[in-house]
2 protein chains.
Amino acid sequence: MAAEFVVDSHRYAMRTAEFNRESVLRNAMQAFMTYGYNKTSMPKLTEVTGLHPGSIYCAFKNKKGLLLAAIEQYQADRRAHYQQLFENSTSLRCALERFLQDLTNECVADESKKVCLLTKTLNEIGEQDKEIQSALSTHLQQFESLIKQQFLTPWPDSEVMSEEAATNKARFFIMCVYGIRTYSATQCNSAELQALADQTLAASLSP
Amino acid sequence: MAAEFVVDSHRYAMRTAEFNRESVLRNAMQAFMTYGYNKTSMPKLTEVTGLHPGSIYCAFKNKKGLLLAAIEQYQADRRAHYQQLFENSTSLRCALERFLQDLTNECVADESKKVCLLTKTLNEIGEQDKEIQSALSTHLQQFESLIKQQFLTPWPDSEVMSEEAATNKARFFIMCVYGIRTYSATQCNSAELQALADQTLAASLSP
DNA sequence: CCTTTTTTTGAATATACATTCAAGATATGT
DNA sequence: ACATATCTTGAATGTATATTCAAAAAAAGG
C-alpha cells in the first residue's frame, strides 16, 4: 500500500495501513457465512475484524465493499485449496472422490464451514444487487471450470471426452454439490451425506 | 374465528376478522420469496397484505409468526399442487418427468416462482432460529416422503423396490432438486436446466 | 338501537443500524 | 527532530425498522 508524494522537492512516504488485510477478510467472511449478510451488523464486523468503523469505510468504502473483498479472498482461498486437493490425483474417480470427501467433511463441521459464501450470499441478496450477483456468478462458473478441467484431463486408462460432454458433466456435478450443501442444512447426518456423495460420484462417472 | 361469550345471561357473538387469511398469507409468502425474510420490511408486508401493522400483530403475533403461517400455507399449497401433478401418472419415469418439467418451468419464471420458500428461508435464517429451522426441516422431509411414495408405488412393468432403496433414491432426487434450484439462481438458461433435469432423471432411474 | 368485545387503524415509540467526521496518532523521508 | 499526508479512533448522525397502544369502527344477539 506504500506510495509516494512530493512537496517542494521533498519526497515523503505515505503511512501504511496497520491491519493484516487477509486476516481481516477471513474473519469478515466467516461472520458473513455464519450469520448471513444482513444479520452481520457493522458492530459485529468491527468486533471480528478488530477494525473500527472508520477504518472499514476507509479501506473498503462500505459494508458491501467489505463483502465484495471478502468474496474475492474466499475465491482465492478456495482455488488454492482445490488445487492442492487435486494435486497428484491418479484418475478422474480419485479427483472427484477427494472433492466429495472434502465436501462431506465440511458439511458435518461447524456452521461457518458447511456453507459456501458464494451460494449463501447469492441466495440471500443476489436478486437485490446486480453487482454482487455478477461477481458471484463469475466465481461460481470458475469452480465449474475447475471441475470441467478434471473431466478433460487425459487420465491414464480413461477415454478422452468431448468439450461439450465435459461441460455437461461438470455442470451436473456442481449442481449436485449445491444440492448436498443445501441438504446438509436440514440434515447433517454423516452417513446420509456419504450416501448422497456416493450416488453423485456414480452418476458423474457413468457414461 | 367466531366464538361466544356470555354476560348476565346475554349471549354475544364476537366480531369476525375481515381479511381473507389465505390471500394474506399468499401475498406475504410471495414477498418473503422475492426479498427474503430480513429485507421484507413490515411496511412492505402491510402494503402487500393490505393489513395495518396492528392487524398483523393481532392475527399472527409478530413478523416471525406471519412467516411461520406463510410457511404452513406454502406447504399446503405445494402439497395440493404435487398431488394434482402426480395424478394419473402411468410410470415412475412419467411421475418424475412431470415433477422435473414443472421445476424447470418454475426456474425460468419470475423471481418469486424460481425459489422455494422453505430452502430460501432455511438458508437465510435457519441457523438463527431453531423454531423456524425445525418447521422447515419437517416440511422438507414431507416432500421427500412424497417422492419416496412415487418410488414405492407398484407401477405396471416395474420391479418393486425395498423401503431403504426408495429412501435413498428419494433423498438423492430431492438433493438434485435443491441443486437445480440453486443453479438456476446463477444461470437460468432453459436448455441448461433441461439438461440438468435429464441427467437427474437418468441418475434417479438407473438401478 | 343498545351493549359488549373484538377487530381495525395508524401514529408514536424505541431500538438497531450503516455511515460520517473531525480530532488525534503514526509512519516515513529529510 | 520536523513536516506531511494517511491511518485510526469512536462518538455523533440520520435513517430504517419492528413493535406497541389507545382510540375508533364494526359485528351480532337481544
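Proteins get letters first, then strands, A, B, ... in listed order; numbering begins at 1 in each.
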Charged N to carboxylate O below 4.0 Å: is that the case for [X] and [Y]?
| X | Y | result |
| --- | --- | --- |
| B/Glu106 | B/Arg78 | yes |
| A/Glu22 | A/Arg26 | yes |
| A/Glu131 | A/Lys64 | yes |

Does a donor on one side chain sit under 3.5 Å from an acceptor on the other, for B/Thr167 and B/Lys148? yes
Let me know the distance between [atom1] of [X] and [atom2] of [N], rounded to the nearest Å.
| X | N | atom1 | atom2 | value |
| --- | --- | --- | --- | --- |
| A/Asn62 | D/dG14 | CG | P | 20 Å |
| B/Leu51 | C/dT9 | CG | P | 8 Å |
| B/Leu45 | D/dT17 | CG | C1' | 12 Å |
| A/Asn20 | D/dC7 | CG | C1' | 16 Å |
| B/Ile56 | C/dG10 | CD1 | C1' | 12 Å |
| B/Met42 | D/dT19 | CE | P | 7 Å |
| B/Leu67 | D/dT19 | CG | P | 12 Å |
| B/Asn38 | C/dA18 | CG | C1' | 15 Å |

Counting only side-chain heavy atoms from C-beta out, which of D/dG10, C/dT8, D/dA18 sits nearest to B/Cys58? C/dT8
Does a side-chain heavy-atom distance below 4.5 Å link B/Arg93 with B/Leu96? no
Quick check on the 6.0 Å ring-centre criterion: do B/Phe99 and B/Tyr82 meet it? yes
Please tell me if A/His52 has a side-chain N or O lying less than 4.0 Å from either OP1 or OP2 of D/dT8. no
Quick test: give all pairs of protein nitrogen or oxygen and nucleotides 21-23 of chain C nitrogen or oxygen below 3.5 Å, distance rounded to 0.1 Å.
none

Using a 3.5 Å distance criterion without hydrogens, assess whether the side chain of A/Lys63 forms a donor-acceptor pair with backbone atoms of A/Thr40. yes
Using a heavy-atom cut-off of under 4.0 Å over every strand shown, decide if B/Thr46 touches base, sugar-phosphate, or nothing. nothing
